[in-house]
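Scroll down for the structure; my scribbles are underneath it.
For clarity, every value in this text was computed on a predicted model and none was experimentally measured.
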Amino acid sequence: MPDFAWIPKMALRDFRKNISRLLLFVSSIVVGIAALVAISSFGDNLTGDIDNQAKELLGADLVLENNKPIGDQPIDSLATLTASEVNFASMVAFPQTGASRLTQVRALEGDFPFYGKLETIPESGDADFRSGGQKVLVEKVLMAQFDAQVGDKIKVGNLEFEIAGELQGVPGQTGITATVAPAVYIPMAYLEETGLVQYGSRVEYNRYFQFETNTDVEALIKPFEEEWEIDRVDADTVEDRKRSTGRSFENLSNFLSLVAFIALLLGCVGVASAVNVFVKEKLASVAVLRCLGVSSRDVLLIYLFEIVVMGLVGAIIGSILGTGLQFILPAVFAEFLPVEVSVRISWLSIGFGVITGLFVSILFALLPLLKVRKVSPMATLRPETADSTLFKDPMRWLVILGILVFIWGFSYYLLGQLDWAFGFTGFVVFAFGILWGVGQLIMWSVRKFLPITLRYTVRQSLANLYRPNNQTISLIATIGLGTAMISTLFFLQSQLLEEAKFADKEDQPNLLMFDIQSPQLDEVREKVLSRNLKIIQEVPIVTMQLNEINGIDKRENEELSEEENYSRWMYNREYRVTYRDTLIETEKIVEGELIPYGARGDSIFVSLSEGFGGDRMKIGDEIEFNVQGRPIKTYIGSFRDIKFNQISTNFIVLFPEGVLDQAPKFHVIITRTNNDRESAAIQSEVVREFPNISVVNLGAIVETLEDILNKISFVIQFMALFSIVTGILVLISSLIISKYQRMRESILLRTLGADSGTVSKINTLEYFFLGSLASLSGIILSFLATWLLSVFVFEMSFRPAWGAAFGLYAAITLLTIVLGWLNGRKIINQPPMEILRGNG
Amino acid sequence: MNILSIQNLSKTYQSGNRKLTVLDDVNFDLAIGETISIVGPSGSGKTTLLGLCAGLDSASSGSVVLNGASLEKLSEDQRAAIRNQHVGFIFQNFQLLPTLTALENVMVPLELKKRKDARTKAMELLEKVGLGDRMTHYPTQLSGGEQQRVSIARAFANDPKILFADEPTGNLDTETGEMIERLIFDLNKEKGTTLVLVTHDTELAAKTQRIIHIKGGKIQEDNHA
Ligand SMILES: Nc1ncnc2c1ncn2[C@@H]1O[C@H](COP(=O)(O)OP(=O)(O)OP(=O)(O)O)[C@@H](O)[C@H]1O
Ligand SMILES: [Mg+2]
């Protein structure tokens, strides 16, 4: 039995002289724990808030949704309130400036939302809008973009409205939605007159219901569900919305927790390497204790006890910091949140943070700490025998296994999927492995190829990197991974934007007009040509629905088992189809061939987008479409691979020519303008004359993309900050730990006749090399990651962002040098006698 | 009765494919209360022998019986228990625990033995070595001679049956060295402890009852006074 009274006593005695250094050890986990606790508290509160504000998420007790008008429903009579909304994408124009843009128009009738409200500036805007008259509410993104004021005019379709208020918030809608598709609310009474709802318009009809409080809505709608199913009406209750919102935010907060976890793991590397130094210094004491008759287990327990106490302190500090930190999280995530998030202390998260912190500090400290078990008491008589290797110690492999299991278990807990957890663990091992490898490689090549002809100061400072307690490799790992995360994000973001802008080159289309009615076609074409612009594509579009696949209709499909059925949405969706007998630039046949109509009797062969319908669909399968009430039987003739990286029209289903010529259709025209001004001019001309035609130009898309990427990257950068701060803490602690060694060296160098200029030159160079190594490893890793992501995920060519890379490199190296100097100043202030007496 | 019995003791080190024999077939017995010094040139194997006798290291062959227990049959932790019960150490470089005060350093062996009176006993011992006023000082706050006195107090704290000292005065000036010697011999006489001393100092060696000369890992002479 270990002596449980004496071991803590010895540990506490040892503490007195070590407390500041041990605090340094755990400082590196503080940030990781803080991040974890903050995210977890935030997630906790968010879940609670989604629960509490569930009705406001939906704005009603029930929403019915369809792509045709929802007629009177038997459920109407049960409701205390109903409201209707018709929404569709359409251009709106600001007559003062002539500017226009594609928006989400929502025609509203009734007092929706029943729960929560449309927040407007001025506050009376909402009431004003509902009081009748040709008035609209306009999303603030739109107001800002066109510099519009409340009271200005806005043109929607054929009608001009007055802006009654600027929309600040809509229940259940996030800032991101508002950026992608800013809304304009118009009164339902004027919908008809706008002339925007015509054939081919993609329109969604919503009907909102409110019931008596305490109504069991799920039970209430049960009897109607089957009929709705047949009519393709989608019913959404508060519970449904709560579930789906809750699920997506659980995913988000779990993902963020993983990012925080990475910061924590970085901190753990710091803990391990700091404890390693600590252990090295303790080896002599361990040998003495062994001589005095303390068992190896008890010696381990003494130091472990110290680590546990410090781990606990670190975890608690981290949890307190994290609880404070969560106060700023709602602001950070504001754009992504559909509900108002409150900030409360989450004891569950704090407990989670403390236990996690304690656990990781023990696990990672044990790795170097196990060494003390193998110290021979003989080292008291012959000190040089103290440092033993550990590779043979089975306990060490057990601890490594424990760490892997912990990482796996933690990620499994967050991700909830076995293979994802394995993937994450693999990624962590891989990333650390790469960084370690890169670090080793650079250090090896420095050693190997270092020319002896270099100046003494350079050689000496490079040699310093190999100083046993320098923690060079662990610094490379921590700072490197932090750098890698930030720079990967940075590189990827600029690459995506570059790619989008790059699309705007010679001959590439940059302006797209759609929803052109057949009678308008000639005139629109004329407008383009009269400006000396080329019509790059002119595409007819026919809308249709799907009746049967291989003779199985929607209802029969419902009866089939999971393995046999086709996915339900294939029957529910509307298909926008074009017809031609050739491929366009962005397409490639991957299976089968394009078969023109008439080539094989009177069978019609269509071409599908590759992967449509999963692996259930094969060449030769029969599909019956419903084109405006007329059934058309077709067969799958080929599959196409479609690239979505330029402005173009892409179709899931492609018909041959000669089949749909007579069907009602509308058209898309794609052209290329020479500059933004030209785009704006043609856009405003077309929209003025044909308000139903929507125009999108590449410039606007790039702008929106930039906007969204900025919002996302702000969040990711915020998360990456934790890793960077952890890296800096590890750096600071390792600088302090090696302080005395540096000082002894400096004194020695000066004794040997080096002037103080030389000494400080050597030190600065050493920090320069250290910072360079760490940031370069990170940048190399992130180039690798960006390359992999661009080639395999985004399918675009890799363009290294040399400028950004250099900026990052310079910033991190400079930071290392500055921290080194600050630390060095403290060294100079210490009396050298302390050092000589070994009072490290 | 022998407190220590060494038979056919050998120690070899393997470095690469070369075998280095540091101790070669060493035999001797030590009676309770005997004082003995081991002398010999540098590198002759004195420290190695001391370490083996005290059970700090394990031999390549041969046996060490300490207080009736065959050390080669015990695990390191079992040997540690024997060290705590019966063995005291004094080192050339003092080997105090740097994070403990003088008093706490002396208390460690007593606390390991779970003695309730650890504190008072340790204070008595420190008084005896003349450091009654330095008890709360840390090793770095003490001179070499003072540190060695603390380590003597610690060595005698658990009333060992046998005391091993490897060049206890090697790091001290002559005057301080003599004071340390006096302390060791006085305490030894008072407690009847067996004393094994490794030294280069012939004057010091002459004060023990028996001198073993060792050279190249072999015992050359074994002189009883
Ligand atoms: N771990 C080891 N591996 C190889 N050789 C060793 C090892 N430890 C000691 N030796 C060798 O064993 C020999 C005896 O060493 P030991 O320390 O016992 O000598 P010593 O008599 O105490 O010398 P000194 O008077 O200088 O202290 C030396 O030659 C030494 O180099
Ligand atoms: Mg020796």
Side-chain angles (χ1 to χ4, degrees), chain A residues 1-22 278 281-300 302-303 306 373-386 388 831 833-840, chain B residues 13 46-52 54-58 75-101 103-114 118 138-143 151 154-155 157-158 160 164-167 198:
Chain A
M1 263 303 278
D3 186 343
F4 284 120
W6 183 71
I7 287 167
K9 205 196 278 178
M10 276 304 278
L12 290 176
R13 282 174 184 160
D14 196 46
F15 243 160
R16 288 172 311 206
K17 286 250 147 179
N18 289 322
I19 189 142
S20 57
R21 329 199 47 199
L22 281 168
F278 175 74
E281 286 167 6
K282 288 290 170 194
L283 292 179
S285 292
V286 172
V288 173
L289 284 171
R290 304 282 289 117
C291 246
L292 295 178
V294 184
S295 71
S296 57
R297 180 198 57 199
D298 286 4
V299 174
L300 179 71
I302 289 172
Y303 294 113
E306 293 182 42
R373 295 182 339 129
K374 295 288 169 190
V375 174
S376 161
M378 196 60 193
T380 48
L381 298 173
R382 239 196 299 272
E384 62 278 9
T385 54
S388 59
M833 194 57 200
E834 288 279 293
I835 311 283
L836 291 179
R837 277 184 170 266
N839 199 0
Chain B
Y13 286 109
K46 306 182 294 291
T47 299
T48 309
L49 179 58
L50 190 80
L52 288 175
L56 300 182
D57 207 353
S58 34
S75 73
E76 223 309 297
D77 280 342
Q78 285 166 318
R79 294 199 299 245
I82 289 185
R83 286 199 293 273
N84 177 239
Q85 295 297 316
H86 309 298
V87 182
F89 287 98
I90 299 171
F91 306 96
Q92 178 174 8
N93 47 1
F94 326 132
Q95 298 285 16
L96 295 179
L97 294 165
T99 54
L100 267 52
T101 62
L103 181 64
E104 286 161 354
N105 262 289
V106 181
M107 282 164 69
V108 170
L110 294 163
E111 287 175 330
L112 277 173
K113 272 184 146 176
K114 302 196 202 250
Y138 288 95
T140 51
Q141 297 166 320
L142 299 172
S143 73
S151 96
R154 184 178 68 183
N158 59 341
F164 293 97
D166 190 6
E167 309 198 24
V198 165

Residue part contacting chain B, namely of A:V294, when any heavy atom lies under 4.5 Å = both
task = Against chain A, label B:N93 side chain, backbone, both or neither, depending on which of its atoms sit under 4.5 Å from a heavy atom there.
result = side chain
query = Which residues pass the side-chain contact (heavy atoms from CB on, under 4.5 Å) test with A:S295, sequence neighbours left out?
reply = A:R297, A:D298, B:D77
task = Mind listing the closest non-hydrogen atom pair of A:G293 and B:L112 along with its distance?
result = C-CD1, 4.2 Å
message = Between A:R16 and chain B, with a heavy-atom cut-off of 4.5 Å, which part of the residue counts as in contact: side chain, backbone, both or neither?
response = side chain
query = Between B:D166 and B:K46, does at least one N-O distance fall below 4.0 Å, as a salt bridge requires?
reply = no
query = Do you know the tightest heavy-atom contact between A:P377 and A:R290?
reply = CB-CB, 3.8 Å
message = Please rank A:C291, A:S296, A:S285 by heavy-atom pairs under 4.5 Å with chain B and give me the top one.
response = A:C291
task = Specify which of B:E104, B:R79, B:E167, B:Q85 makes the most heavy-atom pairs with chain A at under 4.5 Å.
result = B:E104
key: Side-chain touch B:F89/A:V288, heavy atoms, less than 4.5 angstrom   = no
request  = Counting only heavy atoms closer than 4.5 Å, note whether B:R154 contacts chain A via side chain, backbone, both or neither.
outcome  = side chain
message = Looking only at heavy atoms and a cut-off of under 4.5 Å, which of B:Q78, B:Q92, B:E76, B:K113 has the most pairs with chain A?
response = B:E76
query = Where do A:A287 and A:S376 come nearest, in terms of heavy atoms and distance?
reply = CB-O, 3.8 Å
